[in-house]
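Data first, discussion second: the structure below is written as structure tokens.
Chain letters run A, B, ... following the sequence lines, proteins first and then strands; every chain starts at 1.
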Amino acid sequence: MNPTEIYDALAEIAAEPFDATEFPFAFAAATDGAKAAISKLRSGSTNKSDLPGGVLFGKKFHFAPALAGMTDVTLDQLHSSKKTKTSKPAILIATDGEMISAEHPASGDTLHCRFDELGDNFGFFLPAAGKERYRAVEENPVDVKATGKLARLYDTLTKANPDWGCDERRHEMNQLMMRLIFCMFAEDVGIFPDNQFSRLLFTHAGDKGEEARETIIAAFRAMNQAKDKRDGLPAWTGELEYVNGGLFAGTIDAPRFDAVAFRYLREACDLNWREINPDIFGSMIQSVADPKQRSELGMHYTSVPNIMKVIGPLFLDDLDAEIHKAWDRAKGLQQVLDRMSRIRVFDPACGSGNFLVVSYRELRARETRILRRLEELIGPGSLTMFSAISISHFYGIEIADFAAETAKLALFIAEYQANASFAEIFGRRPAALPLKDAAHIRTGNSLRINWAEVCSPPGEGEDVFIVGNPPFAGSTYQTADQKDDMRELLSGHFKTFKDLDYVICWFFLAARYLRSNNASAAFVATNSICQGQSVPMFWGNTLSENFQIQFAHRPFKWTNNAAKNAAVLCVVVGISAGNNRKKVIYDGDLREEATSINGYLVEGPNVAVAASNSALFNLPKMYRGSAATEGGNLILTETEAQDLSEQFPEAAKFVRKFQGSKEVVRGEMRWCLWIKDEDVELAWSIPPIAERLRAVAKFRAASKNAVTRPAAETPHRFWFISGEAESHSILVPRVTSERRPYLPVVRVGADVISSDLNQVLYDAPEWCIALIASRLHIVWIGIVCGRLESRYRYSNTLGWNTFPVPKFSEDQLEALSASARKILRCRYSHYPATIAELYDPDKMPDDLRAVHRENDDLLETMYIGRPFRNDTERLEKLFKLYAAKVKSQDAKGAKA
DNA sequence: AATCCGACACTCG
DNA sequence: CGAGTGTCGGATT
């Protein structure tokens, strides 16, 4: 059950007459209890309650009936019940049929409400259904309730009017919803007098909504006409306000309402729309038109703090500095106001308009501050002006029609709310109706639209700020349409681009827009665009004299108030056409000025380490381990391996030790079937192996990947075999935790097959271990390789092949090998501690720290004659060596 | 033939 | 139920 359904079920209970014996089972059903479990509960066999008349339903809830007016006392009894302590139910609930007292023991939150408000407090009871409470519920219940009602209304309307659910009429449907929302909002905040809209609607629409369609059409037509021009419309429409403003322009139609839809409409009208919060609300009601989005309820809306990370450094901070400077000079403040009146904000992926709404609100707040100050400076009442910041200065492009309509509406509401607080302070406000301006929201694919046509480039003395949080999609997650967009846009401009994230397209278009205009842009993006291969692919090719990163937020975890958050780290990257302003890097709470910011979002010149297929500094060749790609059929657990060898002794030769990165770090072992081509027949003759091979073939044949399918012909082989060791292998996990002070690296015998989750040096000298286990190396890898969220990702092409080392002498190599042996010996001395335990930053043994320190000092002295002072110095040296090598190679390449 | 990545995908406490 | 931490194979070159 989703939250909306739980809301409905609880509301239904609240509407029925109260029955103390039946209530707990109805409540169990409403909070997603399984039928069978409830009938067991009813029979008493699973009811563990120790209170009279009580019902304790597993970990879900503990209920007890209360005497009239005593719900508090009963809740106390529930709270101190022994059974509550042992069973730990998510919710305690007591009721006498009049009032409810409830508690969420995990947080200590309590709820007291009337019985008939049970449904309205559904958020509180979600834990009984095994759902974490949706935190926005606590912040703003109206938003959530409104979303639920509107979703219901939308569903029933499209079900009763199938033509309204199809593509051709979707826009009209969305418009209808927005107009209804506007009317409900307007009458609750006093733009319309005295519940005018719903009063007339429910007077003329019939008891069950028989005439709802005609009534709504007439009402909307009236609102689109000045009061004296309403010929041909029913007389009752005469008192409706003239709204216009684009909101009621265009076709006006409505679907037929059945009794159910009409009831939802009535319930929606009954909500208090005064309280809605336009920035969050907009994101939530996007889910109204898209059932797929409902389970995520706003997973991808940008929270206000994250929006501030974009618009603060992009323009608000500068504005604040100007205001501060002019604070005592009326003339100076007037100039700031003047400038603000010529600011335009453009979000080319605006969704329901969060960025635009928040930007608008922030600008209006600053304007109000200035006007107040001006009154202090030149006397009260001396100003008659009203706001010069119009919502028509806000531009957006959005691909989903419903969201685009929401954005327009959200700005109307934001405008109204800003005017209301203006009126509170200055006692004057413009007439709310008719609506004058509207935001410019274009519905369409942002990557196929000329941005300059949507938001004309700024003229002299004007500013355009481009903001937003465009969608992220890595190459594996892109749809065919998105791939088309990328090809259309980027081919011809980049050698390779298909591995770039979809979000890059917005940076590309923003850069194009601001190259010829005095504008700047900043977007939220996935952190991967500033890591690993994306940096040489994109930033390395684009950053230049006249296009720079102006500010950046280093990676931060994505959060908003939605119940389920997207799992991703984000960055904010602000770009501007070349200018000499100071650059700023934000990292958590830190703010640091810089002279230039490179594609890795660190201070420094525009370096971008490109993947290299061979080692630039004469290091041994590093391979990726062998990739099985077999749906789990060639891999065995310890018991599977033992059983196989015992039952079929001739199979023993095919069973090999097998380690991926997890096994390396935790000191574990798996097994795999490793069958040489010459043994194929023997392998197929062993039944359990044959069975596995058939499964491998089936799995590969069914692959979506054209490169995998041919390997179905040779199911006995790993899909990709990189090599086999003669004496030993050195394994480096390709993804590992970022908490460890050194990268994990181990030496294993030739009997171990490494999976492709490790990078492998086959039969390489021991000094390689000393390099990989060094501080220098982890610092280099941390910068130039990609990351999985924040985890280290070890790549041979990006990290190992590019790792700069000085030319070592034989003696030096011998010293490094001895140092590597010392590290290994020290680890053995702590046997059976695993790599994970040994390198846990909180538990790392002192002696191991000491040998690593010695190893670092030894290696670093070979670079500069002494240990480095800090990581900044390490990176500077490494990048210097790298740059010199690339330069000399280019020179060689040019000669040849 | 070889490699990078994941608005991720698990597990464990 | 979120903090911790690495699977697996598709897509690309």
Side-chain angles (χ1 to χ4, degrees), chain A residues 59 90 106 127 130-133 293 296 298-302 469-478 480 483 486 495-503 524-529 531-537 557-560 562-570 611-614 621-632 635 660-666 668 670 699-700 702-711 718-723 733-740 744 755-759 785-801 836 840:
Chain A
K59 288 198 175 307
K131 291 187 197 313
E132 181 55 9
R133 258 187 296 169
Q293 273 190 34
E296 328 187 327
M299 184 171 172
H300 292 158
Y301 86 82
T302 316
N469 178 351
F472 317 160
S475 66
T476 357
Y477 289 75
Q478 285 159 15
K483 283 181 196 297
M486 296 206 40
K495 270 207 304 274
T496 55
F497 60 85
K498 290 187 178 172
D499 274 333
L500 290 169
D501 195 284
Y502 192 50
V503 72
V524 180
T526 162
N527 67 343
S528 71
I529 67 162
Q531 283 162 1
Q533 62 179 4
S534 297
V535 177
M537 273 183 197
K557 210 169 161 53
W558 173 261
T559 52
N560 63 22
K564 190 181 154 216
N565 268 201
V568 67
L569 294 201
C570 297
S612 169
N613 286 326
S614 58
K621 181 158 172 60
M622 180 180 278
Y623 300 82
R624 195 178 63 151
S626 300
T629 315
E630 35 62 79
I635 316 276
S661 42
K662 194 163 118 189
E663 287 75 29
V664 165
V665 167
R666 302 192 195 169
E668 297 166 352
R670 284 153 99 193
F699 174 84
R700 289 182 183 166
S703 172
K704 254 180 28 172
N705 187 351
V707 186
T708 304
R709 287 194 293 269
F718 273 36
W719 171 70
F720 165 71
I721 297 172
S722 62
R734 305 185 64 221
V735 172
T736 63
S737 170
E738 69 278 20
R739 292 176 67 242
R740 305 188 182 112
S755 90
D756 65 321
L757 299 169
N758 297 309
Q759 296 289 0
C785 290
R787 301 245 180 175
L788 179 58
E789 288 195 346
S790 51
R791 244 68 4 95
Y792 287 115
R793 222 189 246 289
Y794 195 99
S795 143
N796 50 352
T797 58
L798 286 165
W800 173 256
N801 288 345
D840 184 324

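- Residues forming a side-chain contact (heavy atoms from CB on, under 4.5 Å) with A:A90 (at least two apart in sequence, or on another chain): A:P127.
- Heavy atoms of A:P744 sit nowhere under 4.0 angstrom from any nucleic acid atom.
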Reading 5' to 3' through nucleotides 8-13 of chain C, protein heavy-atom contacts under 4.0 Å coded B for base, S for sugar-phosphate only, - for none = BSBBBS
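- Shown here are the side-chain contact (heavy atoms from CB on, under 4.5 Å) partners of A:N469, two or more places apart in sequence or in another chain: A:T302, A:F355, A:F472, A:V524, A:W558.
- For the pair A:R791 and A:G532, both in contact range of DNA chain B, the more 5′-proximal nearest nucleotide belongs to A:G532.
- Taking atom CG on A:L788 and atom P on B:dC4, their separation rounds to 14 Å, with Å as the unit.
- Nucleotide B:dA2 holds its C1' atom 17 Å from the CZ atom of A:F718, rounded to whole Å.
- Separating the CD atom of A:E738 from the P atom of C:dT5 is a distance of 8 Å, rounded to the nearest angstrom.
- In this structure, the CD atom of A:E789 is 12 Å from the P atom of C:dG4, given to the nearest Å.
- Between the side chain of A:N527 and the base of B:dA7, no donor-acceptor pair under 3.5 Å is found.
- A:S755 comes within 4.0 angstrom of nothing in the nucleic acid, heavy atoms only.
- For A:R787, there are no salt bridge (charged side-chain N to carboxylate O under 4.0 Å, His left out) partners, not counting sequence neighbours.
- Evaluation of the side-chain contact (heavy atoms from CB on, under 4.5 Å) rule for A:R739 yields A:S737, A:D840, A:P841, A:D842 as partners, not counting sequence neighbours.
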With side-chain contact (heavy atoms from CB on, under 4.5 Å) as the test, would you mind laying out the steps for A:W800 and A:Q759 before giving the verdict?
-> CA-CA 10 Å; A:W800 173 256; A:Q759 296 289 0; over 6 Å; no
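- In DNA chain B, runs of at least 3 stacked Watson-Crick or G-U pairs (N1-N3 plus N6-O4 or O6-N4, or N1-O2 plus O6-N3, all under 3.5 Å) give these stems: B:1-6 with C:8-13, B:8-13 with C:1-6.
- In this structure, the side-chain contact (heavy atoms from CB on, under 4.5 Å) partners of A:V735, at least two apart in sequence or on a different chain, are A:L788, A:R791, A:R793.
- Partners of A:Y623 under the ring-ring contact (aromatic ring centres under 6.0 Å, His included) rule, at least two apart in sequence or in another chain, are A:Y762.
- Atoms OH (A:Y794) and P (B:dC5) sit 15 Å apart, rounded to a whole Å.
- By the salt bridge (charged side-chain N to carboxylate O under 4.0 Å, His left out) test, A:D501 is found to be paired with no residue, residues two or more places apart in sequence or in another chain being considered.
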